[in-house]
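Values in this document were obtained by computation on a predicted structure and should not be read as measured data. We count ligands from 1, going down the list as the structure has it; atoms in each ligand are counted the same way.
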Amino acid sequence: MTDLHNSETESEALETREWLESLDEVLERSGPERVRELLRELSFRAHSHSVRIPFTANTPYINTIPANEQPPYPGNREIERRIRSIIRWNAMVMVVRANRKEEGIGGHISTYASAATLYEVGFNHFFRAKTDKHPEDLVYFQGHASPGNYARAFLEGRITLQRVENFRHELHDEPGLSSYPHPWLMPDFWNFPTVSMGLGPIMAIYHARFIRYLEDRGLKKPSDQKVWAFMGDGETDEPESLGAVSLASREHLDNLIFVINCNLQRLDGPVRGNGKIIQELEAVFRGAGWNVIKVIWGNDWDPLLDKDKDGLLVKRMDEVVDGQYQKYAVEVGGYIRKDFFGKDHRLLDIVKHLSDEQLQKLRRGGHDPDKVYAAYKAATEHKGSPSVILAQTIKGYGLGASGEGRNITHQQKKLNEEELRAFRSRFGIPISDEDVGEAPFYRPPQNSPEMEYLQERRKALGGYVPERRPMQTKLRAPNDELFKEFFEGSGGREVATTMALVHMLSKLMEDKEIGNLIVPIIPDEARTFGMDALFRKFGIYSHPGQLYEPVDKDNLLYYKEARDGQILEEGITEAGAMSSFIAAGTAYSNHGINTIPFFAFYSMFGFQRIGDLIWAAADARCKGFLVGGTSGRTTLAGEGLQHQDGHSHLLALSVPNLRAYDPAFAFETAVIVQDGIRRMYEEGEDIFYYITVTNEKYPQPPMPDDVRDGILKGMYKFRASGKDSGHKAQLLGSGAILNQALKAQQMLAEKYDVAADVWSVTSYKELQRDGLDVERWNIRHPDQEPRVPYVTQCLADAPGPIVATSDYVKALPDTVCRWMPRRMVALGTDGFGRSDGRESLRDFFEVDAPHITLSVLACLARENKIEPRVAKEAMKDLDIDPEKPNPWVL
Ligand SMILES: Cc1ncc(C[n+]2csc(CCOP(=O)(O)OP(=O)(O)O)c2C)c(N)n1
Ligand SMILES: [Mg+2]
């Protein structure tokens with residue numbers, strides 16, 4: 001047996017004891033403040049003698065709230081234990097039954113098994129539903145613990161037996177239960193999609209901040225509404241989980257509570273086998289200014305800690321690593337006695353009154369309702385900063401040999417009869433030996449004490465959680481008057497579509513009816529987009545207002561921060577800004593407030609950087625406008641490979657409820673925005689928009705007659721050739737590249753006797769949707785007159801080769817090429833960008849007027865309408881080298 005203090009001499013041990021006793025005495029006589037003062041003095045003195053004290057943001061590995069500060073438990077512990085046990089059982093059998101029905105359908109047992117107490121204390125005592133007096137608490141549930149939520153809702157009578165039987169069988173006899181929280185699939189139930197790990201935490205932080213924004217701007221009555229975010233300890237490795245924690249403390253978000261279920265395991269094995277995840281997270285959160293509450297040990301450890309006069313137990317708790325704590329979870333009491341307490345005879349003395357069985361049952365904090373309640377109460381009452389609860393639990397708690405604490409437990413989906421029987425007995429579920437093998441669901445009678453208690457608790461807290469609500473009131477979209485100047489054109493003045501959109505935004509913000517609801521969001525890019533023009537007038541949101549004199553105060557457009565500022569200037573965090581977008585775009589449901597977010601970002605750093613958050617927005621039925629600024633691989637000049645976006649529209653194709661547009665002109669943008677507001681906020685459609693705008697200046701033409709419908713459907717004829725004779729061609733252009741098509745139209749007419757019509761394709765995505773839908777209908781109705789896709793209708797009577805050019809990859813126009821009445825050539829910007837001017841870039845990527853012209857001539861030559869010689873000569877005239885290497889491999 002080794003002694004913990006074996007390196008200390010006898011006299012050093014005495015010295016240590018004297019210092020400790022002095023501290024105890026001061027504490028008793030003068031209280032903690034005096035102790036803090038003395039320790040501060042001591043550390044200054046040590047510093048002045050050049051003693052370097054190692055920095056630690058950690059406190060000892062014990063509960064933050066000591067036993068003597070623990071409030072009494074307000075509920076009936078025994079009934080709550082029985083309810084929890086029943087929910088545990090039902091959550092487990094839900095997964096087991098689904099996998100019996102269909103091998104490999106999946107689901108998780110062990111996560112909820114570890115989190116049950118964390119959730120149930122919340123459901124019985126904290127999570128408030130919406131009432132007349134109070135808005136609901138908003139809970140981000142850990143995605144793959146969802147069987148626990150369903151099992152509770154089943155007991156509450158909100159989900160039928162048929163539905164729990166159909167867990168993970170959503171397409172069976174209606175209605176099933178979705179694997180994870182998906183508002184898209186269960187719009188009456190789930191509020192927040194969380195299962196792509198890391199997104200829940202960051203969305204929760206920005207949501208809590210958005211609530212403050214709504215309150216500070218007078219859109220929502222201040223209250224003590226809380227945002228709770230439950231997550232796994234493994235999940236904290238995702239950069240999004242911890243990436244925004246300093247925002248939460250900087251903004252003093254005491255309406256935010258993180259609960260991190262530290263079961264010390266992730267999917268494959270330990271989270272920090274050789275370290276301590278709770279201590280690591282404590283340092284991160286304390287360092288960031290959060291209120292950290294550690295819930296490590298259960299009540300039965302309190303008397304042991306009381307006996308620990310020499311601090312040996314705390315020291316031992318500190319030095320044991322997580323991998324070893326996991327080992328204790330699967331081991332017998334004798335092992336724990338020997339391995340944990342056996343390091344020192346004084347430690348062994350502390351537990352000598354406990355049997356091996358009792359040692360094995362010593363509980364971890366996250367499984368002790370008293371400790372969890374104390375932590376939640378402290379967190380909800382804490383003022384001035386966000387709180388995080390770090391709760392130690394055991395993964396697969398209660399599964400015994402079939403998974404408790406084992407490395408395989410995350411994947412455990414089946415229990416055999418013996419394991420079911422053990423689980424049943426462990427939690428006292430009244431199911432007979434005969435029936436237990438069937439793994440039946442169990443719901444006690446309505447008038448049982450458990451059911452009455454459960455309902456009574458929810459009633460006291462205002463109703464059920466979670467519960468998602470549809471849009472509560474509708475808005476009226478602004479009429480043409482507001483958009484008039486965009487419809488009229490710029491009168492020859494050169495204006496970029498970005499400038500036009502920012503001006504439009506400013507007009508929307510001035511609108512009497514909806515102005516207040518517009519939420520402009522920018523990740524430190526306002527000046528790039530000319531949005532700094534909005535600073536002075538509308539203010540940048542800042543809870544403390546502006547505590548300094550801005551350097552540009554004399555400037556007309558100075559940097560104005562204000563408590564009621566309307567602009568969310570998020571700094572350089574697309575993920576954070578997107579989280580704000582989601583909070584604002586779902587406020588219609590979560591807060592009954594129809595805020596309309598416009599999130600303007602560098603288009604390259606949108607879909608490819610934060611695509612997963614955009615997917616989460618789609619799932620959450622988020623509304624609003626994503627604005628991809630500085631878009632187009634050749635339109636954004638100078639910036640080069642990492643900035644020039646030529647594929648976001650391709651990525652946008654994958655989001656089902658997203659409408660994506662690449663407008664060329666201000667009037668097109670106006671039509672799209674006006675109709676977007678109408679569809680989302682007047683009609684209540686659960687869609688959102690992606691609009692790319694560019695920084696290339698050119699005169700904005702007036703809107704031709706009768707094109708609104710075409711703009712929205714994805715294409716319309718912008719300019720007919722005006723030439724009656726000659727060969728024909730159809731030029732399709734998008735965004736700033738439409739101007740190249742217009743130039744080519746002129747070249748073709750003047751030099752090559754070709755009459756080309758120019759079409760503005762505002763949305764390949766819309767054209768593709770329509771084409772696919774029509775195609776599908778035609779397949780399913782073979783006996784009926786086939787329908788014709790819109791793009792086919794447009795070009796059916798428009799003769800000549802079709803050349804489609806955009807500032808995006810060729811795959812984008814190719815998405816609709818099979819509905820083209822004739823051969824189509826796609827020109828696009830496949831490859832890596834370059835830093836150079838627009839003209840050179842467009843020549844390099846072959847998307848300029850000369851290349852469009854050449855493409856038309858080459859097609860005409862192939863169709864034997866002209867001599868190939870003409871196309872070859874044109875190449876010379878247009879300075880195009882036929883042997884130039886393909887830019888996409890350069
Ligand atoms: C972004 C992302 N990557 C991977 C996964 C797959 N996954 C689901 S659960 C899990 C392990 C979770 O560990 P932890 O966060 O500790 O949660 P626990 O189940 O232990 O409570 C993984 C890797 C995911 N859902 N999301
Ligand atoms: Mg874990």
Side-chain angles (χ1 to χ4, degrees), residues 88 91-92 95 105-120 122 140-149 168 178-182 190 192-204 228-243 258-273 275-281 284 295-296 321-323 325-326 329-330 364-367 372 388-399 403-413 575 578-579 609-616 619:
R88 283 178 182 285
M92 180 272 292
V95 177
I105 199 72
H108 302 83
I109 298 173
S110 61
T111 299
Y112 181 71
S114 69
T117 305
L118 299 176
Y119 280 137
E120 279 303 296
Y140 287 72
F141 291 101
Q142 191 185 359
H144 59 283
S146 63
N149 291 88
R168 287 197 171 222
S178 69
S179 50
Y180 302 120
H182 295 303
W190 295 115
F192 309 114
T194 48
V195 80
S196 176
M197 304 177 82
L199 303 191
I202 194 169
M203 289 191 291
W228 294 76
F230 285 80
M231 71 205 75
D233 46 358
E235 182 171 5
T236 60
D237 281 337
E238 289 286 359
E240 290 89 346
S241 301
L242 301 181
F258 270 21
V259 181
I260 308 187
N261 177 14
C262 298
N263 54 25
L264 315 184
Q265 289 178 243
R266 50 191 178 206
L267 192 151
D268 286 335
V271 177
R272 295 285 184 273
K276 289 164 99 73
I277 187 65
I278 291 181
Q279 296 301 83
E280 186 178 321
L281 292 172
V284 169
V295 183
I296 304 178
V321 293
D322 284 357
Y325 278 117
Q326 189 191 342
V330 304
R364 313 238 168 143
H367 294 301
V372 174
V388 56
I389 288 150
L390 303 171
Q392 184 179 220
T393 62
I394 292 175
K395 192 148 175 168
Y397 186 70
L399 289 175
E404 184 167 298
R406 315 276 156 153
N407 279 338
I408 47 86
T409 195
H410 189 86
Q411 307 291 71
Q412 177 71 310
K413 302 175 195 324
M578 187 63 203
S579 300
R609 176 118 192 182
I610 49 159
D612 202 13
L613 277 161
I614 294 175
W615 189 254
D619 186 349

### Task
Run the salt-bridge test on R266 and D237 with the 4.0 Å N-O cut-off and return the result as yes or no.
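Result for this pair is yes, salt bridge flagged.
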
### Task
Applying side chain to side chain donor-acceptor pair (under 3.5 Å), run through T111 and H144 and close with a yes or a no.
CA-CA 7 Å; T111 299; H144 59 283; 3.2 Å; yes

### Message
If only side-chain N and O atoms count, and only distance matters, is there a donor-acceptor pair under 3.5 Å linking N263 with Q326?
### Response
no

### Message
Between F230 and F258, does the ring-ring contact (aromatic ring centres under 6.0 Å, His included) criterion hold? Intermediate values first, please.
### Response
CA-CA 6 Å; F230 285 80; F258 270 21; over 10 Å; no

### side chain to side chain donor-acceptor pair (under 3.5 Å) partner of K395, chosen from E404, Q265, H410
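It is H410; the other options fail the test.
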
### Metal environment of the Mg ion (ligand 2), protein N/O/S under 2.8 Å
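N, O, S partners closer than 2.8 Å: D233 OD1, N263 OD1, Q265 O.
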
### Task
Test side-chain contact (heavy atoms from CB on, under 4.5 Å) on I394 and H367 and set out the steps.
CA-CA 8 Å; I394 292 175; H367 294 301; 4.0 Å; yes

Pairwise, report which nitrogen or oxygen atoms of ligand 1 are under 3.5 angstrom from protein nitrogen or oxygen atoms, and how far apart they are.
residue: ligand 1; atom: 15 (O); partner: G234; partner atom: N; Å: 3.4
residue: ligand 1; atom: 15 (O); partner: E235; partner atom: N; Å: 2.9
residue: ligand 1; atom: 16 (O); partner: D233; partner atom: OD1; Å: 2.8
residue: ligand 1; atom: 16 (O); partner: G234; partner atom: N; Å: 2.8
residue: ligand 1; atom: 16 (O); partner: Q265; partner atom: O; Å: 2.9
residue: ligand 1; atom: 17 (O); partner: Q142; partner atom: NE2; Å: 3.2
residue: ligand 1; atom: 19 (O); partner: T111; partner atom: OG1; Å: 2.6
residue: ligand 1; atom: 19 (O); partner: H144; partner atom: NE2; Å: 2.7
residue: ligand 1; atom: 19 (O); partner: K395; partner atom: NZ; Å: 2.8
residue: ligand 1; atom: 20 (O); partner: N263; partner atom: OD1; Å: 3.1
residue: ligand 1; atom: 20 (O); partner: N263; partner atom: ND2; Å: 3.0
residue: ligand 1; atom: 20 (O); partner: Q265; partner atom: O; Å: 2.9
residue: ligand 1; atom: 20 (O); partner: K395; partner atom: NZ; Å: 2.7
residue: ligand 1; atom: 21 (O); partner: Q142; partner atom: NE2; Å: 2.9
residue: ligand 1; atom: 21 (O); partner: N263; partner atom: ND2; Å: 3.2
residue: ligand 1; atom: 25 (N); partner: V195; partner atom: O; Å: 2.9
residue: ligand 1; atom: 26 (N); partner: M197; partner atom: N; Å: 3.1

### Message
Counting C-beta onward and ignoring hydrogens, is there a side-chain heavy-atom pair between L281 and V388 closer than 4.5 Å?
### Response
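The answer is no, as the side chains (C-beta and beyond) never meet within the 4.5 Å cut-off.
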
### Query
Just one of F192, Y180, W228, Y119 clears the ring-ring contact (aromatic ring centres under 6.0 Å, His included) bar with F141, so which one?
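Per the ring-ring contact (aromatic ring centres under 6.0 Å, His included) rule, the option paired with F141 is Y119, out of F192, Y180, W228, Y119.
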
### Task
Please say whether the positively charged group of R88, taken as NZ for Lys or CZ for Arg, lies over the ring of Y397, i.e. under 6.0 angstrom from the six-membered ring centre and within 45 degrees of the axis.
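No, R88 does not sit over the ring of Y397.
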
